Amino acid sequence: MIHVVRKTAGQWGMRVPAQRGEEMRQALIHEGALDASLKVLREDEDLILPLLEECEGAEWFEFEVHPGREPLPRHELVGGIAIMQDDDPDGAERLLASRPSLRTVVFAQGEVHGEYRIREFRVLAGDPTTRTKVTEHGHIFTVDLAGAYFSARLSTERQRILAQIQEGEVVLDMFAGVGPFAIILAKRASLVVASDLNPRAIGLMLENIAQNRTKNVLPMLADARRLDRILSWKFDRIVMNLPLSGTEFLTEAFRLCRPGGTIHFYSLVSVEGEHTARIRELGGTVLAERVVRSYSPGQWHAVYDIAVSAE
Ligand code: SAM
């Protein structure tokens, strides 16, 4: 009998030391994160455990498919919703059956677009909804994928910025969406002003403020272009998460930040240092420029941590 070895085109995997392999495999099964259709890889003293979704520390590997098991289609998980890039109703049904926490499988029709940075979806399997709840570091966020932007991939960034906040800071989130940065940063800040142009994002942010019992986030339905005219305050820290066109708002952010304050500016870039000259021109110093994630070949999302001149 011929044994045909089938390989995946690529899948997220978690590298663990072989002696901790079984313990980690059980933990991933418990979290519903292990892709049981793929074989565990061995590399020297390490095991690579196949994952159903990207998570912190995950890398991309080629896995062998278990004979007799169909590999699950590629997808991104947001709470109880799996987002597939392919219009594959059979794959969607298999995906839905693969983990009890999944309620809906959708097909993303096209790219994130428009001012509100949203996408259209078609439900392929499960409950006919694009609303779900996402848990992140002890917080719960209600999101509606078709109504307002949300990315679970920014959770590490939110914790990184939270760790930099000094007690009592007043923070502005210029492109706040449903409020994940604002609500998480409010744990340390004395006040977070959270502004967005999309009314549905502000509606969901109000739900999120209530369900996380947050008492120091001020939601604002406003165009970030006008914020420096509406608000006379100077902020200790500003988050600018609008990677495709955030550069258009840098002048406003510098006007709103106090001398010596910090701006976290997210941008889509294709060379390191792409915005350094502009930031210097405005009176800022780049403290760090980090890659957040890759976007397309030769382009990535970067975050610039900027110190605004103290004079
Ligand atoms: N920070 C949020 C998060 O991490 O989930 C959302 C980021 S999303 C990439 C950008 C957000 O900016 C969207 O919610 C969009 O509605 C909002 N936006 C776009 N243009 C804007 C503007 N001129 N003023 C205020 N908000 C704007």
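Just so you know, these numbers come straight off a predicted model, no measurement behind them. Each residue takes its place number in the sequence, starting with 1. In listed order, ligands and their atoms are each counted from 1.
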Would Q299 and S270 count as a side chain to side chain contact (heavy atoms under 4.5 Å, CB included) if you check the C-alpha gap in whole Å, the side-chain angles of each, and the deciding distance to 0.1 Å? CA-CA 5 Å; Q299 281 192 308; S270 42; 4.2 Å; yes

List the steps and the verdict of side chain to side chain contact (heavy atoms under 4.5 Å, CB included) for L162 and K187. CA-CA 8 Å; L162 175 66; K187 268 173 74 177; 4.2 Å; yes

Side chain to side chain donor-acceptor pair (under 3.5 Å) between Q211 and T142: does it pass, once the steps are laid out? CA-CA 9 Å; Q211 71 189 338; T142 297; 2.8 Å; yes

Let's go through R119 and I83 carefully: what are the C-alpha distance in whole Å and the side-chain angles of both, what is the deciding distance for side chain to side chain contact (heavy atoms under 4.5 Å, CB included) to 0.1 Å, and is it a yes or a no? CA-CA 11 Å; R119 275 193 282 185; I83 305 170; 4.2 Å; yes

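Here is the list of ligand 1 atoms found below 4.0 Å of a heavy atom in F181: 1 (N), 4 (O). With ligand atoms numbered from 1 in the order given, ligand 1 contributes 16 (O) to contacts under 4.0 Å with heavy atoms of N198. Those atoms of ligand 1 with a heavy atom of L154 less than 4.0 angstrom away are 4 (O). Near G177, with a cut-off below 4.0 Å to any heavy atom, the atoms of ligand 1 are 2 (C), 6 (C), 14 (O). Counting atoms of ligand 1 from 1 in the listed order, those under 4.0 Å from a heavy atom of F249 are 23 (N). Ligand 1 places these atoms under 4.0 Å from at least one heavy atom of L242: 10 (C), 12 (O), 19 (C), 20 (N).
Within the structure, ligand 1 lacks A148 among the residues with a heavy atom less than 4.0 angstrom away. Residue contacts with ligand 1 include P180, since one of its heavy atoms falls under 4.0 Å from the ligand. Using 4.0 Å as the threshold, Y266 has no heavy atom nearer than that to any atom of ligand 1. Look at A222 and you'll find a heavy atom under 4.0 Å from some atom of ligand 1.
For a threshold of 3.5 Å applied to N or O pairs, the pair formed by D223 and ligand 1 contains at least one separation below that value. At under 3.5 Å, a nitrogen or oxygen of N241, whether backbone or side chain, sits near a nitrogen or oxygen of ligand 1.
Comparing heavy-atom distances from atom 16 (O) of ligand 1 across L197, V112, D196 singles out D196 as nearest. Considering each of F175, Y116, Y149, the one bringing a non-hydrogen atom nearest atom 8 (S) of ligand 1 is Y149.
Only side-chain heavy atoms of R225 come within less than 4.0 Å of ligand 1; its backbone N, CA, C and O stay farther off. When non-hydrogen atoms are compared, ligand 1 lies under 4.0 Å from the side chain of R158 (C-beta onward) but not from its backbone. Under 4.0 Å from ligand 1, not a single heavy atom of A201 appears. Here V239 has no heavy atoms under 4.0 Å from ligand 1, in either its backbone or its side chain.
In terms of heavy atoms, M205 sits closest to G177 at CE-O, 3.2 Å. Between Y149 and V178, the shortest heavy-atom contact is O-CG1, 4.2 Å.
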Give every donor-acceptor pair under 3.5 Å between a side-chain atom in residues 248-255 and any protein atom, sequence neighbours left out.
unit_1	atom_1	unit_2	atom_2	d
E248	OE1	R225	NH2	3.4
T251	OG1	R278	NH2	3.3
R255	NH1	D228	OD2	2.4

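Atom 24 (N) of ligand 1 has A224 N, 2.8 Å as its closest protein atom, hydrogens excluded (heavy atom only). In terms of protein heavy-atom proximity, atom 19 (C) of ligand 1 is closest to E115 O, 3.0 Å.
Here the CD1 atom belonging to I165 is positioned 4.0 Å from the CG atom belonging to L185, to the nearest 0.5 angstrom.
A heavy-atom distance below 4.5 Å is found between the side chains of R117 and L242. In this structure, V170 and S190 have side chains that are in contact, with non-hydrogen atoms separated by less than 4.5 Å.
When each of N241, V239, T247, V303 is tested with F265 by the rule side-chain contact (heavy atoms from CB on, under 4.5 Å), just one qualifies, namely T247.
Look at D87 and R122 and you find a salt bridge, because one of the NZ, NE, NH1 or NH2 atoms lies within 4.0 Å of a carboxylate O, short of that distance.
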